[in-house]
Amino acid sequence: MNIFRFAGDMMHLLSVVVLLLKIHKMKSCAGISLKTQELYALVFICRYLDIFTGFISLYNTIMKIVFLASAFSILWYMRSHKVVRQTYDKDQDTFRHYFLILACMVLALLVHHKFTFREVMWTFSIYLEAVAILPQLVMLQRTRNIDNLTGNYVFFLGTYRGLYMLNWVYRYLTEVHYHHRWLTWISGFIQTALYADFFYYYVKSWRNNEKLQLPA
Amino acid sequence: SHDHADKDEL
């Protein structure tokens with residue numbers, strides 16, 4: 001494992017920790033899209049179908065369990081916790097995420113490397129992850145006062161896939177028998193590019209020491 | 001080539 005991959009994983013982990021911190025300590029999920037969280041839970045379920053059968057490393061297995069467990073605890077907090085669920089801005093979270101699921105499933109059935117259940121579900125998870133942030137980005141744009149934790153959450157999440165792309169380039173250059181797939185590269189690029197606008201305003205607000213606000 | 005590098009990633 002190279003430094004880019006590890007740093008990417010740590011950013012991903014950090015984003016989840018920041019979100020759970022906000023929810024658990026502040027007892028608030030204001031500004032967080034439940035739809036994006038539902039999509040991530042679905043992404044992890046479909047990607048990690050091999051969690052108990054395809055052992056790669058202890059690190060991988062533990063991280064998979066952490067991502068699955070954190071995704072479901074976030075969903076539980078947002079939907080069932082008596083205090084947290086009342087801070088959820090349902091009216092601002094209007095993205096029709098079922099269309100994303102449907103579109104990604106159709107695409108995975110049409111464009112994949114191998115037509116097996118495991119492989120199509122894995123491909124579906126790659127496509128869905130690329131666009132899962134969209135409901136959250138739409139919600140951010142509608143939120144007038146984005147708190148620091150929410151801004152950092154999205155920033156870490158965007159940085160994670162960006163670092164993964166550097167990891168792919170590094171592996172391509174250094175591994176002799178390298179079999180990475182173009183499907184992952186394109187999806188990963190789209191996923192990272194979706195954050196470009198957000199990154200611009202995030203860095204700008206940070207440099208000017210202002211509160212983060214996205215233009216409507 | 002069944003051992004794909006993207007399968008050992010998260």
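These values consider heavy atoms only, across backbone and side chains, with no hydrogens, waters or symmetry-generated copies. To find a chain, count down the sequence lines: A is the first, B the second, and so on, and within it residues start at 1.
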Review point. Which class fits the ring pair His12(A) and Phe44(A): parallel under 30°, tilted 30 to 60°, perpendicular over 60°?
Key: tilted

Engaged part of [X] at the chain B interface, taking heavy atoms whose separation is under 4.5 Å:
X         : answer
Arg181(A) : both
Asp9(A)   : side chain
Asp50(A)  : neither

Exercise for review: Check whether any side-chain heavy atom of Tyr164(A) sits under 4.5 Å from a side-chain heavy atom of Phe4(A), and report yes or no.
Suggested key: no

Point to revise | Ring centers of Trp122(A), His113(A) separated by less than 6.0 Å | key: no

Check your understanding: Near Tyr170(A) OH, under 6.0 Å, is it more than 12 heavy atoms from other residues, nucleotides or ligands?
Key -> no

